[in-house]
Number of protein chains: 4
Amino acid sequence: MKRARTEDAKDERRQILLGAALDEFFLKGFAAARMADIANRANLSKGALYLYFESKEALFEALIQSLAVPRLDQIEQIASSSPSFREAMDRLVVFAPLMIRQTKLPRLMKVIIGDSQSFPNILRQYRDQIVDRLLGAIAMMLSRARDRGEIEIGDPGLMARLVLAPIVLSGLWEAVFANEDETPVDLDTLFRMHADHVIRAIGIEEN
Amino acid sequence: MKRARTEDAKDERRQILLGAALDEFFLKGFAAARMADIANRANLSKGALYLYFESKEALFEALIQSLAVPRLDQIEQIASSSPSFREAMDRLVVFAPLMIRQTKLPRLMKVIIGDSQSFPNILRQYRDQIVDRLLGAIAMMLSRARDRGEIEIGDPGLMARLVLAPIVLSGLWEAVFANEDETPVDLDTLFRMHADHVIRAIGIEEN
Amino acid sequence: MKRARTEDAKDERRQILLGAALDEFFLKGFAAARMADIANRANLSKGALYLYFESKEALFEALIQSLAVPRLDQIEQIASSSPSFREAMDRLVVFAPLMIRQTKLPRLMKVIIGDSQSFPNILRQYRDQIVDRLLGAIAMMLSRARDRGEIEIGDPGLMARLVLAPIVLSGLWEAVFANEDETPVDLDTLFRMHADHVIRAIGIEEN
Amino acid sequence: MKRARTEDAKDERRQILLGAALDEFFLKGFAAARMADIANRANLSKGALYLYFESKEALFEALIQSLAVPRLDQIEQIASSSPSFREAMDRLVVFAPLMIRQTKLPRLMKVIIGDSQSFPNILRQYRDQIVDRLLGAIAMMLSRARDRGEIEIGDPGLMARLVLAPIVLSGLWEAVFANEDETPVDLDTLFRMHADHVIRAIGIEEN
DNA sequence: TATGAATGAGTCTTCATTCAT
DNA sequence: GATGAATGAAGACTCATTCAT
């Protein structure tokens, strides 16, 4: 492999390594994934991998950081900037399939569920920085809609879970069962149905 | 350890080992779990464990078989025997918290998500015997309710996913985040809300 | 298994166990042979085996003692009692195929060659009690034939090796290659040739 | 240990490992030999051994290949290129002691006899590539000598066995009893006697 | 920086031996 | 005496990590 001399070249190599790491962790799980395979997948040697990450665990932590955070912004954006509840739900269910099918988030989710029990600090941090933030954004969106008289709900925190559940679970489904060779779930229709139901269930009819 | 001479005593020991195995697989994941720890947890020696299961993988497979199947009957029971859709939903959301809090299903789910990628045959079998059966039971219940004019829905297969999503995801949540020391999610209220929403969203008003 | 109460019954069981042991040691070698398999082959339990032999090594030692010694008498008999060299050779080459094909000596020989390196005391004892005695008997026979003017030879000890070599090696061949599925070596013809050659080579023509 | 970077250095290390393996297999037998001891004997770590041979069995197979084949050429050379039967025998019995005392063939022979029962494929291959080839070379030599009218024999295949028996058995003797501290067998004299006897037994007197 | 050979701790699995029944 | 469940020491093999080149 050519040498990465500039900072940029090194950052790029880090990204490639993180991608390779996700692939292997997703495929085999943290414990069963081999550093050599990760390096290979990134066209690097084992030794070089250690120039970029000082241990397997450090690589795992960096992976979670790097992939989870970016996408969250877009969701918070949707939740906070939409003019109406209906609009927010519409945008959410349009955005969700992209997130599931085009990003690595589902794979990351699978990895975290499978392996984080062994890394309490990673788990807590993921919980704080990703999960709670996500639930919080949706809950906030729901609160504001309620305040605007658009919907009628109980605890917004619980409601947020009901709103997100089909989306999150579909992502996981995708990650776990995707390679099984059958007709994939029609996420667009599924989430469209979900949005409609939510709106019908908690939306207040305007005459 | 006292010796298990009768077939019954051996079956009991097998059950204890399966429990210990679930605990360790849940805590560490398949690859990182140690056979010695599983044996210890069951107050047995490493060697004795191999009298009951011929390999780590065989133990894993036996675990999934033994724990997943039984509970399913109760859900199929609820889905098929309830006189009305409303009744079925009510029973489902009352039963769900018990299943999540009192059984090992959530832990098993976490283990399967985390480790089955490495065992395609186990994954397929779990998919066929558990997941599809569960989705099928709910879809069937929905179909019949639609035929009875109680609800108005699109594809029952997709609707089944929407019905189950909060329950399944809550189970997973419990498994992944449970030991975090904070106020637990109020599953009874959450599922009650969910059932109400579903009924309001797809139920047909009778005058 | 029924209990062996009398001394005779116990001796018989010991013999059965020794036979089973030879089979397993021959098939797998000392280290790879399993006590459980030996016991099974004798229709006994592992535990019972230890009632008769206190360890694997003790079983091995007993095996060598029990099987090697008896047959030797017959050869010494032939060597010492034959009226003439020619007669002795004739008897030897008639007896040898039986010994190879009908006794367990070849198997024992294979076991000793393969495993005795680890048991110096067994090796030495086998060397002293069996090998040297056998070579000595033949050498003595040769010496006497020389003294009687029947043959003309150099060192009888070396000559004894030349006389025995084809027989011993054929035994080993049988043990090592016997299960290979092809036309077996015609031992009778082979040894007949051997005897003729020896007689022609060292016998003194009587006019 | 210094690192073997070049292909040559690696080949050399492989040779060293094969030597170490033969020593240990010879001493303890295949099953009882420890990979760690083999590695140690070669001044390498356990792990490094597996860089060169992927398993104990692979090491065993490589060992047999590497040591048995080369020496055979010389014997075939002797058998095929000698101008007369007498000359061939002379060369054979001069060469044989060297092969026994200076090469590792006797040790290899002992290992194969002791352990090949467990490796049928190795046994067959050894049989085909070494044993049969060797017997065939001698038989061919005998056939040609007979055709030239130098000797009078029955089946050359059987005669080949008689010719080789003392040599092979002496090799084995060396391997099995060599470390016993006594006057070694005088192989030169023994084989000289053997050659003389054979020539006298089957050679045709020319007037 | 990059490589991959070397290390050795760690884990699954086997099996001689013991001992409760 | 007989059984076979239980034990735990031992050994093959793996792989994260180091480091000479």
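Lettering follows sequence order; numbering is per chain, from 1. Any value given below was found using the heavy atoms of this structure, including those in side chains, with hydrogens, waters and symmetry copies removed.
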Looking only at the side chain of [X] (C-beta and beyond, no hydrogens), which of the listed nucleotides [options] gets closest?
X	options	result
D:A4	E:dA5, E:dA2, F:dA5	E:dA5
A:S45	E:dT3, F:dT3, E:dT14	E:dT3
D:R5	F:dA16, E:dA5, F:dA5	E:dA5

Salt bridge (charged side-chain N to carboxylate O under 4.0 Å, His left out) with C:D23: which of C:K28, C:K110, C:R107?
->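 Option passing the salt bridge (charged side-chain N to carboxylate O under 4.0 Å, His left out) with C:D23: C:R107.
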Nearest-Å distance, [atom1] ([X]) to [atom2] ([N])?
X	N	atom1	atom2	answer
B:F53	E:dT13	CZ	P	13 Å
C:E24	E:dC15	CD	C1'	14 Å
C:K56	E:dT14	NZ	P	15 Å
D:R34	F:dC13	CZ	P	15 Å
C:D37	F:dG4	CG	P	14 Å
A:E54	F:dA16	CD	P	16 Å
B:L49	E:dT14	CG	C1'	13 Å
D:E7	E:dA5	CD	P	9 Å

Distance (rounded to the nearest 0.5 Å) between B:L17 CG and B:E12 CD |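 B:L17 atom CG to B:E12 atom CD measures 11.0 Å (nearest 0.5 Å).
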Most 5' of A:G47 and C:M35 on DNA chain E, judged by nearest nucleotide |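 By nearest-heavy-atom nucleotide position, the 5'-most residue is A:G47.
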More 5' along DNA chain E: C:A36 or A:T6, using each one's nearest nucleotide?
->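 Per heavy-atom nearest nucleotide, the more 5' residue is A:T6.
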Is [X] close enough to [N] that one of its side-chain N or O atoms is under 4.0 Å from OP1 or OP2 there?
X	N	result
D:R13	E:dA5	no
D:K10	E:dG4	no
D:Y52	E:dA6	yes
B:K46	F:dG8	no

Which residue lies more 5' along DNA chain F, comparing A:E57 with C:N43 via nearest heavy atoms =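 Nearer the 5' end of the strand: C:N43.
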Does D:Y50 or D:R3 map to a spot on DNA chain F nearer the 5' end, using the closest nucleotide for each?
->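 Closer to the 5' end of DNA chain F: D:Y50.
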Show your reasoning for whether salt bridge (charged side-chain N to carboxylate O under 4.0 Å, His left out) applies to D:E24 and D:R34.
-> CA-CA 8 Å; D:E24 291 292 329; D:R34 276 170 305 181; over 6 Å; no
With A:K10 as the cation and A:Y52 as the aromatic partner, state whether NZ or CZ is under 6.0 Å from the six-membered ring centre and within 45° of the axis.
->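 Judged by the rule (NZ or CZ under 6.0 Å from the ring centre, within 45° of its axis), A:K10 is not positioned above A:Y52.
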Who does E:dA6 pair with, Watson-Crick or G-U, both distances under 3.5 Å?
->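 Across any shown strand, E:dA6 pairs with F:dT17.
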Reckon A:A33 touches a base, only the sugar-phosphate, or nothing at all at heavy-atom distances under 4.0 Å?
->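 Result for A:A33 = sugar-phosphate.
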Given ring-ring contact (aromatic ring centres under 6.0 Å, His included), test D:F53 with D:F60 step by step and report yes or no.
-> CA-CA 9 Å; D:F53 299 95; D:F60 187 76; over 10 Å; no
Which pair of non-hydrogen atoms, one from A:P106 and one from A:A175, has the smallest distance, and what is that distance?
->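 Looks like O-CB, 3.5 Å.
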